[in-house]
Peer 1: 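Submitted below is the structure of interest, expressed as structure tokens.
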There are 2 protein chains.
Amino acid sequence: MRATVMHAAGDVRIENLPDASLRDPTDALVRVMRACICGSDLWPYNLKEPGGPPQRMGHEAIGIVEAVGSDVATLKAGDVVVMPFTSSDGTCVFCHEGLNTACVHVRFFGNGGDMEGAQAEALRVPQADGTLFPLRVGADEALMPSLLTLSDVMATGHHAAVVAKAGPGRIAAVIGDGAVGLCGVIAAKRLGAERIIILGHHADRIALAKKFGATDVVSERGDEAVARVMELSGGFGAHSVLECVGTEQAMTTSVGIARPGGSIGRVGVPHYEAIPSSLPAFFKNVSVGGGPAPVRAYIADLLPDVLDGRIEPGQVFDQIMGLEEVPNGYRAMNERRSIKVMVKP
Amino acid sequence: MRATVMHAAGDVRIENLPDASLRDPTDALVRVMRACICGSDLWPYNLKEPGGPPQRMGHEAIGIVEAVGSDVATLKAGDVVVMPFTSSDGTCVFCHEGLNTACVHVRFFGNGGDMEGAQAEALRVPQADGTLFPLRVGADEALMPSLLTLSDVMATGHHAAVVAKAGPGRIAAVIGDGAVGLCGVIAAKRLGAERIIILGHHADRIALAKKFGATDVVSERGDEAVARVMELSGGFGAHSVLECVGTEQAMTTSVGIARPGGSIGRVGVPHYEAIPSSLPAFFKNVSVGGGPAPVRAYIADLLPDVLDGRIEPGQVFDQIMGLEEVPNGYRAMNERRSIKVMVKP
């Protein structure tokens, strides 16, 4: 089968690999209907050292179950499923608490080792019962793009909004106008935030943010961005800050714009050693939370709104391409020519 | 009048100063009945550079109102009051939200500038209506030590427990066996925590922690402490971590022992530039919150339990001394010969 493999920074290839197959009795074999390129895929695309083990890529998908292992109870061949970006057993205490990304058996797809990737024709999904979320839709479903975002990007934006306690009467600020930030805008609006300030400076993305419910735009950076958010929020800052980037600068800005007593929900994988701006966060009683979104648990919350068309996160996809074009997709996203690429193997 | 003045590290003196007096119409003049030496007073006691402006010390007190300015509406001469460690106007949006330490007019007592200190015979209290909490007790009240802790240390331990979401069915871990940590144990128990692990290694303090409700003691430090807490908590860590120290090591340990999805409430003034251990906190979805406790708002919650004797935080005082002995009190606390000193001017 054909699958995407990252060899080193800038060196992503579509290769012939042995067909995906069942290995453990709890596995499912999933044929990929739609996959994505994720902003987080750009980190190895920019930083992966040459000489390391090649890494299969892709952790977001909708697919059709082709076969299941003997211990899989809730899925059967033909089921259309959402695949969250991690596997989870569905039975441990963390899965029961709705924090599937802390599952005692959690594994990240497309992240090296023996975990396969979704930017491929098919893949092996461990712990299928606890991992895959079955949908009652056909393969021709028009809502497919929005459903696909439930595998990561919409659920991740939602996580940022939940941790940041976005809600009625509160001002939310979303740092980052990438696909996650844009989904953060959708999530903040969905949770009832009174005002939603997007911090970003790409015209196409800002336009989409406004369509999704952003009420204000801050295109400045650093201290100027902080000053502008303060101005927009009556001098006090935002109650809820959705940090959707992961850089030290983004976190420093998050602390700077957070209202005293406010909450920062961070979902950008941190590319810093320690959380900066400790003292301002302390003296303002600002909390910093977040992490990998428990996608599996959130799908049930978000799915009705997608099926009813109340939210349309699928609009973040501005390019659709086949598997062989995936290297071009990485380039387009890395050069900010594309917000998010959908892959149709 | 006599008052405590810090000139430089190790150089704390009791001096003759002009009598405290009203300045603004919103002031109260308070005669100090009881004050304290705080663990945070030891930071300037160890670090204050010589040559800087001398600093009046003390930010915790119970006192009697001697006089009030013309704009003070809720207090009168003769009232016995608790003085929180900051002043607050009582009218701004943050005071209304119960976050008095973010009051738009917040000032810290005993912290330099024109703010006076409570380790003195008397002091001027700005914004008296919004700052002072009147008690219906006499000057001979037997519960005075416990009431005194409502000015800071008990309210601060409570804040750590609230931010760390201590509660039924949850394991709390308290880092630090100082007076705040000990009050954190009281607070975690009061909020219903199922198990309370105290991390500390001073025999007298640990004994008190057990009396207050600690169920387990970890006297190891660093990685060994983390391993021990993991062992005690079924391998997952503590749901609620009360960080009552403020060092980088304490925060690293906090992240290390926090259960996935758990919360760290930090109340020790951070003596680090950035919050360490960012990645483990992120991948575990652990939130870090806390800051200066909104004492003024918490007194109403805690007071009934003090008056009914359900909690006895006054037991943290193991030395009582007059004003002239305060320099000895600093020495005793700094050398860990005393948990907390009560000052009786």
Side-chain angles (χ1 to χ4, degrees), chain A residues 86 92-95 97-104 106 108 159 162-165 169 234-237 239 243 246 248 251-252 255 258-294 297, chain B residues 86 92-95 97-104 106 108 159 162-165 169 234-237 239 243 246 248 251-252 255 258-294 297:
Chain A
T86 67
C92 77
V93 59
F94 295 105
C95 286
E97 289 176 7
L99 189 59
N100 302 71
T101 41
C103 170
V104 299
V106 71
F108 286 71
H159 189 48
V162 167
V163 174
K165 304 189 175 78
F236 295 137
H239 302 80
E243 200 289 90
E248 184 155 347
M251 181 50 69
T252 302
V255 173
R259 189 177 190 275
S263 301
I264 298 170
R266 57 176 180 150
V267 292
V269 180
H271 283 74
Y272 42 81
E273 282 300 305
I275 303 169
S277 311
S278 162
L279 274 178
F282 182 83
F283 281 105
K284 292 202 288 187
N285 263 290
V286 164
S287 73
V288 180
Chain B
T86 67
C92 77
V93 60
F94 296 104
C95 287
E97 289 175 7
L99 190 59
N100 302 71
T101 41
C103 170
V104 299
V106 70
F108 286 71
H159 190 48
V162 167
V163 174
K165 303 189 176 80
F236 296 136
H239 302 78
E243 200 289 89
E248 185 155 347
M251 181 51 70
T252 302
V255 173
R259 189 178 190 277
S263 301
I264 298 170
R266 57 178 183 149
V267 293
V269 179
H271 282 74
Y272 43 81
E273 284 298 304
I275 303 169
S277 309
S278 163
L279 273 178
F282 182 83
F283 281 104
K284 291 201 288 186
N285 263 290
V286 164
S287 74
V288 180

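All values derive from a computational prediction rather than experimental measurement. Each chain gets a letter, A, B and so on, in the order the sequences are listed, and its residues count up from 1.
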Peer 1: Between B/Pro260, B/Gly289, B/Pro294, which shows the greatest number of heavy-atom pairs under 4.5 Å with chain A?
Peer 2: B/Pro260
Peer 1: Could you have a look at A/Glu273, A/Glu97, A/Met251, A/Arg266 and say which one has the most heavy-atom pairs with chain B under 4.5 angstrom?
Peer 2: A/Arg266
Peer 1: Using non-hydrogen atoms and a 4.5 Å limit, figure out which bit of B/Tyr272 sits close to chain A: side chain, backbone, both or neither.
Peer 2: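 Contact with chain A: backbone and side chain both.
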Peer 1: Between B/Glu243 (side chain only) and B/Gly246 (backbone N and O only), is there a donor and an acceptor less than 3.5 Å apart?
Peer 2: yes
Peer 1: Quick one: of B/Val267, B/Val106, B/Val104, who has the most non-hydrogen atom pairs under 4.5 Å with chain A?
Peer 2: B/Val267
Peer 1: Please name the pair of heavy atoms, one in B/Asn100 and one in B/Thr86, separated by the smallest distance, quoted to 0.1 Å.
Peer 2: O-OG1, 4.5 Å
Peer 1: Does any heavy atom of chain B fall under 4.5 Å from the side chain of A/Val288, the backbone, both, or neither of them?
Peer 2: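 Both backbone and side chain.
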Peer 1: State whether the side chain of B/Ser277 and the backbone N or O of B/Val255 hold a donor-acceptor pair below 3.5 Å, judged by distance alone.
Peer 2: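 The answer is no, because no donor-acceptor pair under 3.5 Å joins these two groups.
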Peer 1: Looking at B/Pro292, B/Pro276, B/Gly235, B/Ala102, which makes the most heavy-atom pairs under 4.5 Å with chain A?
Peer 2: B/Pro292
Peer 1: Of all the heavy-atom pairs spanning B/His159 and B/Gly291, show the shortest one and how long it is.
Peer 2: CD2-O, 3.2 Å
Peer 1: So, does B/Lys284 use its side chain to make a donor-acceptor pair with the main chain of B/Gly262 at under 3.5 Å?
Peer 2: no
Peer 1: Is any side-chain heavy atom of B/Val93 closer than 4.5 Å to a side-chain heavy atom of A/Arg259?
Peer 2: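 Side-chain contact under 4.5 Å: yes.
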Peer 1: If every non-hydrogen atom of A/Lys165 is compared with every non-hydrogen atom of A/Ser263, which pair is closest and at what distance?
Peer 2: NZ-OG, 3.4 Å
Peer 1: Heavy-atom pairs under 4.5 Å with chain A - which of B/Ala274, B/Gly98, B/Gly261 has more of them than the others?
Peer 2: B/Ala274
Peer 1: Which heavy-atom pair separates A/Cys92 from A/Cys103 by the least distance, and what is that distance?
Peer 2: SG-CA, 3.7 Å
Peer 1: Taking A/Asn285, A/Ile264, A/Val163 one by one, which has the highest count of heavy-atom pairs under 4.5 Å against chain B?
Peer 2: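 Looking at each option in turn, the highest pair count goes to A/Asn285.
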Peer 1: Side chain from CB out, backbone as N, CA, C, O: work out which of these in A/Phe94 comes under 4.5 Å of a heavy atom of chain B, or both, or neither.
Peer 2: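 Looking at A/Phe94, just its side chain touches chain B.
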Peer 1: Side chain, backbone, both or neither: which part of A/Val269 has a heavy atom under 4.5 Å from chain B?
Peer 2: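 Backbone plus side chain of A/Val269, per the 4.5 Å heavy-atom cut-off to chain B.
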Peer 1: What residue in A/Ser287, A/Gly265, A/Gly290 has the most heavy-atom pairs under 4.5 Å with chain B?
Peer 2: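 Most heavy-atom pairs under 4.5 Å with chain B: A/Gly290.
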